[in-house]
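Keep in mind that what you see is a predicted model, and the values were worked out from it rather than measured. No hydrogens, no waters, no symmetry mates; every other heavy atom, side chains included, goes into these values. In listed order, ligands and their atoms are each counted from 1.
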Amino acid sequence: MGKHVIVLGAGIVGVCCALELLRRGLSVTLVDRREPGMETSMGNAGVLARSSLMPFNHPGLWGQLPRLLKNDTVQFRYRWPYLARNLGWATRFLLNARPSVFRETVAALDGLIRLSAPEHLKLLDASGARRRLRDTGWIFLYRTESAWQAGALARRTFARFEVPTRELSPAELAEAEPALAPIFHRALWIQGSYSVDDPHEVVAAYADLFRREGGQFKRMAAGGIRRDGQGWTVEGAQGSGSLTAERLVVALGPWSKDLLKTAGIDLPMAFERGYHMHYSGLDGASVTRPVYDTGGGYVLSPMARGLRLSTGVELDACDAPARTGQLDLAERHAREAFPLGQRLDAAAWLGRRPTLPDSRPMIGEAPRHPGLWLALGHQHIGFSTAPGTAKILAELMLDGGAASRHHAFRPGRFI
Ligand SMILES: Cc1cc2nc3c(=O)[nH]c(=O)nc-3n(C[C@H](O)[C@H](O)[C@H](O)COP(=O)(O)OP(=O)(O)OC[C@H]3O[C@@H](n4cnc5c(N)ncnc54)[C@H](O)[C@@H]3O)c2cc1C
């Protein structure tokens with residue numbers, strides 16, 4: 001194999017993969033239709049947490065279904081025609097909530113998160129973005145005793161995987177986050193975890209580091225990929241040129257599904273869309289770290305731009321129009337808990353969490369497609385897990401023999 005590799009997609013996953021492969025001696029061209037980090041990796045809640053090992057499809061999901069299917073919560077919405085077209089995906093997603101698969105998934109995600117955190121710290125230092133990081137963890141808020149009881153599986157899982165946590169009484173919560181209204185019955189502080197106050201700046205800093213270390217970045221919208229004698233060719237959309245290399249990494253996040261169709265691969269990927277909006281705090285009120293109101297269904301994260309309120313899941317087509325109802329309801333719930341001021345953005349931001357039926361990313365070479373590598377499907381935790389993904393991808397690509405260690409992420413489980 002030659003030394004040239006194209007990495008398609010300059011979100012957090014593609015940028016981390018490109019940098020890692022460059023540092024492992026390859027000549028890397030990173031390609032995106034926009035500047036790095038302008039899509040999903042920009043608008044997330046900025047949480048880098050050990051607790052993110054809990055997938056959305058855990059064994060407690062079945063019990064929550066009657067409530068979630070009413071289609072009126074901040075936690076979960078869906079558009080009927082999309083769900084009807086994707087019943088196969090939804091069935092597999094639900095079946096993968098069974099305890100045996102759940103146990104495998106949390107173990108795999110825990111390993112990936114543990115691998116990623118120290119790498120993020122190194123990259124933040126090397127890229128000059130360390131000032132974006134807080135090491136104060138995040139806080140889960142429970143409005144009632146029954147909500148607290150419903151979180152028992154998560155707490156048991158955290159304990160099993162030694163995720164450091166501390167229960168907070170209402171008085172302790174008031175001391176930690178005085179701006180919150182006294183409506184919470186209990187709280188759980190996830191410790192030993194991080195958050196950032198500007199995810200886009202972090203991706204941009206990592207991408208600059210990639211360029212400073214000799215990587216090439218090219219703006220190009222990919223319209224398709226094909227394999228030929230020399231390797232993999234990326235065709236620009238509307239005849240905007242092409243690029244060829246022996247190896248190609250597809251890290252297009254939610255847009256990976258469409259592009260891979262051009263190589264004959266039909267990924268079972270769905271889009272857990274989510275919205276955010278920034279707010280001021282009345283009289284300068286703020287929180288000092290992200291808080292997750294489990295009853296309200298939103299996360300409130302202090303960001304450089306203001307207080308970022310982000311919603312749960314909306315299942316719909318990747319590029320279907322945005323709808324406002326879920327964010328409006330999240331705002332109503334958040335105003336019960338916090339003195340939110342005015343909206344700071346003209347329109348809500350819409351992002352798409354790319355999710356495979358077992359809530360694990362796909363990391364490795366596509367079966368029967370030599371030279372085509374995949375780093376995609378990072379659902380709710382791609383910001384946290386991109387550096388670990390890059391390490392695994394590089395190990396599989398360059399060291400060989402490691403595949404059995406990363407079995408949980410093998411592309412062959414769905415291709
Ligand atoms: C509301 C919300 C909150 C979240 N909160 C968190 C959180 O707190 N912590 C966490 O870890 N994760 C969080 N996530 C998930 C996380 O943001 C994603 O998993 C992660 O950003 C995915 O990164 P990516 O690089 O795979 O995709 P993206 O960031 O979407 O990157 C894909 C790139 O591909 C490019 N592209 C697409 N099509 C083409 C094409 N045809 N040609 C060229 N380029 C193309 C795009 O321009 C983009 O730059 C959240 C997500 C949402 C929606």
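A ring-centre distance under 6.0 Å is found for W80 and Y78.
Note on D293 versus R335: no salt bridge recorded, every NZ/NE/NH1/NH2 to OD/OE distance being 4.0 Å or above.
Of the listed residues (R353, R33, K218), the one carrying the non-hydrogen atom nearest atom 53 (C) of ligand 1 is R353. In the candidate list L259, T311, L309, N44, N44 is nearest to atom 4 (C) of ligand 1, counting heavy atoms. Compare A222, G377, A375 by their heavy atoms: the one nearest to atom 41 (N) of ligand 1 is in A222.
Proximity of P254 to ligand 1, defined as any heavy-atom pair under 4.0 Å, is confined to the side chain (atoms from C-beta onward). Within the 4.0 Å heavy-atom criterion, neither part of M42 lies near ligand 1. At a heavy-atom cutoff of 4.0 Å, ligand 1 is contacted by the side chain of W255 but not by its backbone. With a 4.0 Å heavy-atom cut-off, ligand 1 is reached by no atom of H276. Counting heavy atoms closer than 4.0 Å to ligand 1, residue Q379 contributes backbone atoms (N, CA, C, O) but none from C-beta onward.
For the residue pair Q230/T244, the side-chain donor-acceptor check at 3.5 Å is not satisfied. Counted by atom type alone, T105 and R360 present one or more donor-acceptor pairs between their side chains at under 3.5 Å. Side-chain contact annotation: R308 with S301, donor-acceptor N/O pair under 3.5 Å absent.
Proximity of L180 to V287: side-chain heavy atoms (C-beta onward) are separated by under 4.5 Å at one or more points.
Listed by number with element, the atoms of ligand 1 under 4.0 angstrom from any heavy atom of E39 are 30 (O), 46 (C), 47 (O), 48 (C).
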